[in-house]
> 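Below is a structure I'd like to ask you about.
As the structure lists them, so they are numbered: ligands from 1, and atoms in each ligand from 1. Just so you know, residue 1 is the first one in the sequence shown, and it goes up from there.
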Amino acid sequence: MTTEHLISEIHKKQSFLCIGLDTDLEKIPPHLLEEEDAIFAFNKAIIDATHHLCVAYKPNTAFYEAYGIKGWKALGKTIAYLNENHPEIFTIADAKRGDIGNTSTRYAKAFFEEFGFDSITIAPYMGKDSVEPFLAFENKHTILLALTSNEGAFDFQTQKVDGVPLYEKVLQTSLTYKNADNLMYVVGATKASYLAEIRKIVPKSFLLVPGVGAQGGSLKEVCHFGMNQDIGLLVNSSRGIIYASKNRDFASQAALNAEALQRQMQEELKSMD
Ligand SMILES: O=c1ccn([C@@H]2O[C@H](COP(=O)(O)O)[C@@H](O)[C@H]2O)c(=O)[nH]1
C-alpha cells in the first residue's frame, strides 16, 4: 500500500486508529475456546466489528509465535482475511526483526511476500545493512523503533552519543539509507513530549505510536506534538480495545472502545482544518 492511499483512508474514515491484535487465549472469552481455531475466531470477530473505525491492524507476532504452528496458522489466516476482505486497511507485523543482510532479506520475504503484510517493525541496533533489505520492497513499509513506550527506553535510546540522544541518531542516520522513503518510525505515546524534537528530524514521516490505553499515553498530547500536514500518525491501542469484555458481547464492546478513540481522532482532525 502506498502512503498516499493510507492518508486518503485516514481522511475517509476520519481515523488514524491502529488496532493491535495481541490475541491471548487466556484473555479471550471462554466460549471461543470451543472453536477449532479460537485465535482466528476472536480476530475475525474483532475485525468484523471494528474495521470501519480504524485504518490499520497490528498483530504482534509474539502472541502467535507463543502458540507454535497453531499460532502461525492463525496469523496467516488473519492477514489473509484482512487482505481479502479489507484490502484498504494497512497491516503491520509487529515482529521487531533485523539481522545481517541475507537474513533480513528472508525476514522481509516472509512478512511482505509470504504473509502479505504492508509493513513490519524493525529494531535498528544492527544498522544499515540490517535495515536496507526491508526497504528494497516497493510499496512496503519498514517501521524502525526510534523511541519506545517502555521504561527501558531510557537505558539506551535517550543516552547521548557525541552529544546527541541515540534515538535521534537512529532517526538522522536512517534518512541516509537507500529507499529511506519507505521508512516509518515507532515512538511511544508515553514519550509524547519528545515528539516535537522528533518532528524536526522527520517532519514528513509516518509515526506508529503505541501506548495509549493500557500504558496510559495521552492521545491529545500525541496529536499536539506529533501531527504533521498529512496527519502522519498511526495511534495503536491493543488491550484497551480487544479486551473490552470477556463475555459474548466482546466484539461490540471492542467496537465501542474503538469508536471512543475514533471520535477523539475526528475532533483532532477537525481542529486541523
Ligand atoms: O514502543 C513500543 C513498541 C511496541 N509496542 C507494542 O504495541 C502494543 C501495545 O499494546 P497495548 O495493549 O495497547 O499496551 C504491544 O503489541 C506492544 O508490544 C509498545 O507497546 N511499545
> Would you check if the distance from the ring center of His141 to the ring center of Phe206 is below 6.0 Å?
no
> Provide the number and element of each atom of ligand 1 under 4.0 Å from a heavy atom of Thr148.
1 (O)
> How would you list all residue pairs meeting salt bridge (Lys or Arg N to Asp or Glu O under 4.0 Å) that involve residues 172-198, not counting sequence neighbours?
Glu197-Lys200
> Checking a contact table here: which protein heavy atom is nearest atom 13 (O) of ligand 1, and how many Å away?
Ser238 N, 2.9 Å
> Looking only at the side chains, is there a donor atom on one of Ser174 and Tyr185 sitting less than 3.5 Å from an acceptor on the other?
yes
> Nearest protein heavy-atom contact for atom 9 (C) of ligand 1: which residue, which atom, what distance?
Gln215 NE2, 3.6 Å
> Got a salt bridge between Lys73 and Asp37, using NZ or NE/NH1/NH2 to carboxylate O under 4.0 Å?
no
> Holding to ring-ring contact (aromatic ring centres under 6.0 Å, His included), I want the full list of residues that pass it with Phe115, two or more places apart in sequence or in another chain.
Trp72, Phe111
> When only distance counts, is Lys58 in polar contact with ligand 1, meaning an N/O pair under 3.5 Å?
yes
> Just which atoms of ligand 1 are under 4.0 Å from any heavy atom in Ser149?
1 (O), 2 (C), 19 (C), 20 (O), 21 (N)
> Can you name the atoms of ligand 1, numbered from 1 with element, that are less than 4.0 Å from a heavy atom of Asp22?
8 (C), 10 (O), 15 (C), 16 (O)
> Please work out whether any backbone atom (N, CA, C, O) or any side-chain heavy atom from C-beta onward of Asn236 is under 4.0 Å from ligand 1, and answer side chain, backbone, both or neither.
side chain
> Donor-acceptor check, side chain of Glu168 to backbone of Ile198, threshold 3.5 angstrom: yes or no?
no
> Going by the order shown, which atoms of ligand 1 are within less than 4.0 Å of some heavy atom of Lys96?
3 (C), 4 (C), 18 (O)
> What protein heavy atom sits nearest atom 12 (O) of ligand 1, and how far away is it?
Arg239 NE, 2.6 Å
> Provide, to 0.1 Å, the distance between atom 17 (C) of ligand 1 and the closest protein heavy atom, together with that atom's residue and name.
Asn60 ND2, 3.9 Å
> Can you see whether Thr142 engages Asn182 through a side-chain donor-acceptor pair at a distance of less than 3.5 angstrom?
no
> Under 4.0 Å from ligand 1, counting heavy atoms only, is it the side chain of Pro210, its backbone, both or neither?
side chain
> Do you see a donor-acceptor pair shorter than 3.5 Å between the side chains of Thr91 and Asp118?
yes
> Would Asn150 count as a polar contact of ligand 1, with the cut-off being nitrogen or oxygen pairs under 3.5 Å?
no
